[in-house]
Engineer: 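So that we are looking at the same thing, I have put the structure below in structure tokens.
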Amino acid sequence: MASADHLATSASSTVTLHVNGEKHTLPVDHRTTLLDALRERLDLTGTKKGCDQGQCGACTVLVDGRRAVSCLTLAVASEGREITTIEGIAEGDRLHPVQQAFLDLDGFQCGYCTPGQICSALAVLDEHAAGWPSAATEDVRPDAGPPPLTPEEIRERMSGNLCRCGAYGSIVRAVTQAAAQSADGSKEVVA
């Protein structure tokens, strides 16, 4: 039988997390979620704990530019990957266009889900620009290019993020505005 000291040592590791452009080295229990490491160890409390079961999207962050529900992602599995939280999206005092659109168009009410909504919206715009289809995409042929970013496309792509206040209409308008303001300019937006 293993000693208690051996079990304690083997159940934890020191990990280096790259969060919002900064490296953080910290010891974590192997069961520690990325969400708990961010909130409790790094004091990045913008990422919210909602359902703690990966169903509401309040804890959504970007890992290597892709959406991840941080409540189901282990901190040890995130080592060496680029993690972006809501705190790392703005450039100083200048809000990202998605953040500004949420403010301009009231894409929130209580605001609890907003950090996850914004992180998801950033990924939605990148996925759309890359031509990834969604379940709402009518023409999924590879040569079809990105589908028009209609409200139906946005709703489908954002469907993993719940808003208990029901600000969905404003969220769709905010994502539409952010897409229209994209520096890319090649996105077709249908309001």
Side-chain angles (χ1 to χ4, degrees), residues 15-26 33-50 56-73 75 78-130 132 146 149 153-155 157-165 167-187 189 191:
V15 297
T16 300
L17 299 177
H18 300 257
V19 183
N20 300 329
E22 295 181 23
K23 287 184 180 181
H24 302 273
T25 302
L26 56 146
T33 64
L34 178 57
L35 174 62
D36 288 339
L38 293 170
R39 289 183 59 81
E40 297 172 12
R41 304 297 305 283
L42 300 179
D43 201 29
L44 295 171
T45 57
T47 304
K48 303 301 184 208
K49 184 178 277 196
C56 73
C59 68
T60 303
V61 297
L62 302 175
V63 177
D64 292 336
R66 306 267 317 262
R67 291 183 262 193
V69 285
S70 60
C71 72
L72 296 183
T73 305
S78 304
E79 183 167 25
R81 299 177 76 188
E82 293 297 324
I83 300 160
T84 305
T85 68
I86 191 68
E87 291 91 348
I89 294 174
E91 291 182 26
D93 290 338
R94 191 172 140 248
L95 294 178
H96 186 281
V98 171
Q99 291 172 305
Q100 189 62 54
F102 268 71
L103 284 174
D104 292 346
L105 298 168
D106 296 323
F108 57 90
Q109 285 186 26
C110 79
Y112 195 82
C113 71
T114 305
Q117 297 276 1
I118 289 172
C119 286
S120 280
L122 289 167
V124 161
L125 296 178
D126 287 344
E127 292 162 8
H128 178 262
W132 295 5
L149 197 54
E153 276 287 337
I154 294 169
R155 281 193 288 278
R157 292 171 186 264
M158 293 290 293
S159 65
N161 291 80
L162 302 180
C163 173
R164 294 180 185 195
C165 299
Y168 296 114
S170 297
I171 291 168
V172 169
R173 286 189 294 278
V175 175
T176 301
Q177 176 178 303
Q181 293 176 345
S182 170
D184 180 65
S186 67
K187 295 175 179 65
V189 179

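Heavy atoms only: backbone and side chains are in, while hydrogens, waters and symmetry mates are out.
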Engineer: Less than 4.5 Å apart, side chain to side chain, heavy atoms only: is that true for T73 and T33?
Structural biologist: no
Engineer: Any side-chain to backbone donor/acceptor pair from D104 onto A174? Under 3.5 Å, distance only.
Structural biologist: no
Engineer: Which distance, rounded to the nearest 0.5 Å, do you find between the CD1 of I118 and the CZ of F108?
Structural biologist: 8.5 Å
Engineer: Do I86 and V61 come close enough that some side-chain heavy atom pair is under 4.5 Å?
Structural biologist: no
Engineer: Run the salt-bridge test on E127 and R66 with the 4.0 Å N-O cut-off and return the result as yes or no.
Structural biologist: no
Engineer: On a heavy-atom basis, which atom in V15 and which in E79 lie closest, and how many Å separate them?
Structural biologist: CA-OE2, 3.5 Å
Engineer: Roughly how far, to the nearest 0.5 Å, is the NZ atom of K49 from the SG atom of C71?
Structural biologist: 8.0 Å
Engineer: Return the CD to CG distance between E40 and L26, rounded to the nearest 0.5 Å.
Structural biologist: 11.5 Å
Engineer: Roughly how far, to the nearest 0.5 Å, is the CD1 atom of I154 from the OG atom of S159?
Structural biologist: 12.5 Å
Engineer: Is it the case that the side chain of R81 and the backbone of D64 share a donor-acceptor pair, with hydrogens and angles ignored and the cut-off at 3.5 Å?
Structural biologist: no
Engineer: So K48 and R39, do their side chains get closer than 4.5 Å, heavy atoms only?
Structural biologist: yes
Engineer: Would you check if M158 and I171 make a side-chain contact, meaning some heavy-atom pair closer than 4.5 Å?
Structural biologist: yes
Engineer: Measuring from K23:NZ to H18:NE2, what's the distance to the nearest 0.5 Å?
Structural biologist: 5.0 Å
Engineer: Taking all non-hydrogen atoms of both residues into account, name the closest pair between F102 and T114 and its distance.
Structural biologist: CD2-CG2, 4.1 Å
Engineer: Rounded to the nearest 0.5 Å, how far does CD of Q117 lie from CD of Q99?
Structural biologist: 13.5 Å
Engineer: Taking it one step at a time, do S170 and D106 satisfy side chain to side chain donor-acceptor pair (under 3.5 Å)?
Structural biologist: CA-CA 6 Å; S170 297; D106 296 323; 6.0 Å; no
Engineer: Using the side-chain contact (heavy atoms from CB on, under 4.5 Å) definition, which of the options T47, T85, I89 pairs with C119?
Structural biologist: I89
Engineer: Any chance you could lay out the side chain to side chain donor-acceptor pair (under 3.5 Å) test for N20 and T84, step after step, and finish with the verdict?
Structural biologist: CA-CA 5 Å; N20 300 329; T84 305; 4.7 Å; no
